[in-house]
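Heads up: the structure comes next, in structure tokens.
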Amino acid sequence: MLSALVPALRTPDLRRKILFTLGLLALYRLGAAIPSPGVDYHAIRACAGRSSGSGAAGIYELVDLFSGGAMLQLSVFAIGILPYITASIITQLLTVVIPRFEELRTDGQAGQARITQYTRYLAMSLAALQASALVALAVRGQLMPDCPEPILADATPFGMVVVVLVMSAGAALVMWFGELITERGVGNGMSLLIFAGIVARIPSQAGAILQSRGALVCTGLGVAIFLTLVAVIFVEQGQRRIPVQYSKRVVGRRMYGGSSTYLPLKVNQAGVVPVVFASSLLAMPHLLVQLTPRGSGGWRELIEKYLVDPGNPVYTTAYVALILFFTYFYVGVTLNPGERAEEMKKFGGFIPGYRPGAPTAGYLGYVLSRITLPGSLYLGAVAVLPNLLLHSGAAGAGQALVFGGTSVLIVVSVGLDTIKQIESRLMTRNYTGFLR
């Protein structure tokens, strides 16, 4: 597979796209290491190491994982890509609830551009809100409870406003990086940014496990990760192929059709999107608790008891339930059986044994519902593996998340998707693909 990179790099257009993507990922990692103005870098580094080792950062470790360690360091890119992900959740939900958004979704490229613009506006609003919350938690000392030193060197209102503006601008820049990678690079930009953040933390966390737990535990954890990796790749490559026959038709003086093909339906049709969506939503209750004073109501104690501790059964159940919901929701939005049946009917295609139109749509919906259930259960099972590692004593909070099922799922899904995109570009130029 590494040797197949040679023909990809020999193609000028593809080489330019790969280098462009790597350059933006390098800029993203550079911004994740630059502290925001007014932040005491040495104090926050010491506090981050202390909180990560003791697990005091709690659920913030999960959010910090998606930002590549930038959030708990209050860097320029501390907000990361999460505001855009949350905004995408909201806009996709609105396409089902509000008819106007449904019209925009089916209006082609112009409607999709308008939805993207709405998503950007909402993402910037959420980025400013999240940056304000992070600064408020840092000033109160609630972001890292084990940190006795003040994180912000300038805690005046002007200094806090500057930090919020810098973090919001960093979130806009990260969002722009992701869109540029998607348009001009290789792969999905937003997913690759999360991929880069997770991969960047692997060496440091592996070294921490080796020093704190010893070589035996580190080796056992490596074997467990390898087995999880194999299982994830096996399921991610699984698909149900529905045969499709195209009848012959005459257009002008030429005859088209008469060929047989298949419609591939993956077992995990939604990819890693439901896991990211569920993780983003579960981080909000904890943030709400931190921003409200104690004694504000019984709801605060309920959230602290059930929706903050990843080892709590209620938290795990809610996490899996959200993954199941977003899996069905995302598959329903991205793959509509009725629209797919109409497209096949328009081009003279049909499934053997089923008439075009409504019968074909019913059959596709039946098959899709049957393969989506095991796919969603698979996502839920893989996503809760970090919680098991967290309470097994084999690793700390951040280490369990970096080497847990969620991280493996993201890395494998994004890696396979990027490789397939490169392979498809190579195949169009009659080169040997990566997955031969």
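Computed from a prediction, not measured in an experiment: that's the story for all the values here.
Summarising the local packing, OH of Tyr330 is surrounded by 12 or fewer heavy atoms from other residues, nucleotides or ligands at distances under 6.0 Å. Residue-environment remark: CD (Gln117) exceeds the threshold of 12 foreign heavy atoms within 6.0 Å. Within 6.0 Å of CZ on Arg355 lie no more than 12 heavy atoms contributed by other residues, nucleotides or ligands. More than 12 non-hydrogen atoms from other residues, nucleotides or ligands lie less than 6.0 angstrom from CZ of Arg120.
In this structure, Leu82 CG and Gln130 CD are separated by 6.0 Å, a value rounded to the nearest 0.5 Å. For the atom pair Gln421 CD and Leu14 CG, the distance stands at 10.5 Å (nearest 0.5 Å).
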Identify all side-chain donor-acceptor contacts of residues 180-192 below 3.5 Å with residues at least two apart in sequence or on another chain.
{"unit_1": "Thr182", "atom_1": "OG1", "unit_2": "Gly178", "atom_2": "O", "d": "3.0"}
{"unit_1": "Thr182", "atom_1": "OG1", "unit_2": "Gly189", "atom_2": "N", "d": "2.8"}
{"unit_1": "Asn188", "atom_1": "OD1", "unit_2": "Met190", "atom_2": "N", "d": "3.3"}
{"unit_1": "Asn188", "atom_1": "OD1", "unit_2": "Ser191", "atom_2": "N", "d": "3.1"}
{"unit_1": "Asn188", "atom_1": "OD1", "unit_2": "Ser191", "atom_2": "OG", "d": "3.2"}

What pairs of donor and acceptor atoms, side-chain ones from residues 321-329 against any protein atom, are under 3.5 angstrom apart with sequence neighbours left out?
{"unit_1": "Thr327", "atom_1": "OG1", "unit_2": "Ile323", "atom_2": "O", "d": "2.6"}
{"unit_1": "Tyr328", "atom_1": "OH", "unit_2": "Leu373", "atom_2": "N", "d": "3.4"}

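Taking Leu173 as the reference, Phe77, Trp176, Phe177 meet the side-chain contact (heavy atoms from CB on, under 4.5 Å) condition, with sequence neighbours excluded. For Arg16, the side-chain hydrogen bond (donor to acceptor under 3.5 Å, both in side chains) partners are Asp13, not counting sequence neighbours.
Using a 4.5 Å heavy-atom cutoff, the side chains of Tyr262 and Val244 are not in contact. For the pair Pro37/Val166, a side-chain contact is recorded, criterion being any heavy-atom separation below 4.5 Å from C-beta on. Between Val163 and Ser36, the closest side-chain pair of non-hydrogen atoms falls below 4.5 Å. Ile194 places a side-chain heavy atom less than 4.5 Å from the side chain of Ile85. Residues Thr418 and Phe195 form no side-chain contact, since every pair of their non-hydrogen atoms from C-beta on lies 4.5 Å or further apart. Side-chain atoms of Asp417 and Ser413, non-hydrogen and from C-beta on, never get closer than 4.5 Å to each other.
In summary, Arg340 and Glu343 engage in a salt bridge, as defined by a charged side-chain N under 4.0 Å from a carboxylate O.
Side-chain contact check for Gln239 and Arg241: at least one donor-acceptor pair (N or O, by modelled atom type) lies under 3.5 Å. A side-chain donor from one of Tyr378 and Glu236 sits under 3.5 Å from a side-chain acceptor of the other.
Applying the salt bridge (charged side-chain N to carboxylate O under 4.0 Å, His left out) test to residues at least two apart or on different chains, none of the pairs has a partner in residues 370-379. The salt bridge (charged side-chain N to carboxylate O under 4.0 Å, His left out) analysis of residues 163-176, with sequence neighbours excluded, yields no pairs.
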